[in-house]
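Side chains are part of it too, since the values below use all heavy atoms of this structure and drop only hydrogens, waters and symmetry mates. Order of appearance sets the numbers: ligands from 1, and atoms from 1 within every ligand.
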Amino acid sequence: MSHPKPFVIAIDGPSASGKGVTSRRLAAMLGLLTVDTGAMYRTLAWHCLRMKVDVNDDKKVVALCRKWKTSLVVAEGHVRLLVDGYYPAQEIRTSEASAAVAHVAQIRVVRDWMKAKQRECIQFGSLVMEGRDIGSNIFPETDYKFFLDASPEVRKLRREREGVKEDVHARDKRDSSRAHSPLMPSLGALIVDNSHHTVQETCDLMLQEINKRRKANGLKPLKAAA
Ligand code: DC
């Protein structure tokens, strides 16, 4: 029996647009793995901070990125990037790491390195991958592309509720205006404004769209676990 070809559900969008929680719920419903690509960029930013590398010095960041010791592993339904065998779950969420990450994320060599790593994730199976350029640049060949969005007020409120004080607007501006793979909806992506939707409603809508696209390609629908 031949195994079905692994596929990717690409979820892009700005900070606090609900990508993380939506990806995890959708992946759980469909029995797929999640990949948080923002965590990969954050891990590099954190690694720079602890190695005392100035994140504004592109050359030094590139040199570090070329030699850091990383591996991809699957843990609890997520594909994770480890550095020196360690996943810095807490450390990458600090305000220092959040401030540093947009700098490392705009470096072309870093983005190329991340692209290769993110594409490697498919070795583990079908994925729900969230980020900023998944549909446009990492897996442009996938049929399942979504761009999540919410109003600036709702996004700010969500971050505050998480106890994170962050200038979401400033980071979005940097992510959208950078030269390499700026944040924008990719061709063929369904734009979903979830300002007034629950996570479950958003996932149901996405699954409906995925199955519409599968039907158009003569593929069996995906079924949510009961
Ligand atoms: O989703 P997040 O807030 O954890 O992302 C952290 C940063 O990384 C954010 O400033 C944008 C950047 N990023 C990116 O440029 N491309 C991705 N695929 C994911 C994140």
Please name all residues satisfying salt bridge (charged side-chain N to carboxylate O under 4.0 Å, His left out) with Asp112, sequence neighbours left out, ordered by chain then number. Arg108

Short N or O distance, Thr37 and ligand 1, threshold 3.5 Å exclusive: yes

Proximity winner for atom 20 (C) of ligand 1, if only heavy atoms of Ala105, Gly38, Ala16 are counted: Gly38

Listed by chain and number, what are the ring pair (Phe, Tyr, Trp, His ring centres under 6.0 Å) partners of His47, not counting sequence neighbours? Trp68

For Phe7, does the six-membered ring have the charged nitrogen or CZ of Arg214 within the cation-pi criterion, i.e. under 6.0 angstrom from the centroid and within 45° of the normal? yes

Give yes if a backbone or side-chain nitrogen or oxygen of Arg132 is under 3.5 Å from a nitrogen or oxygen of ligand 1, and no if not. yes

Ligand-side contact atoms (ligand 1) for residue partner Arg111, heavy atom cut-off under 4.0 Å: 14 (C), 15 (O), 16 (N)

Expected output: side-chain Thr34 to main-chain His78 donor-acceptor under 3.5 Å: no

Is it the case that ligand 1 has an N or O less than 3.5 angstrom from some N or O of Asp133? yes

Give yes if a backbone or side-chain nitrogen or oxygen of Arg42 is under 3.5 Å from a nitrogen or oxygen of ligand 1, and no if not. yes

Any nitrogen or oxygen of Glu130, main chain or side chain, under 3.5 Å from a nitrogen or oxygen of ligand 1? no

Distance-only donor-acceptor check, side chains Asp143 and Asn217, under 3.5 Å: yes

Gln118: which of Val79, Leu81, Leu127, Ile138 passes side chain to side chain contact (heavy atoms under 4.5 Å, CB included): Ile138

Quick check on Met40 - does any of its heavy atoms sit under 4.0 Å from an atom of ligand 1? no

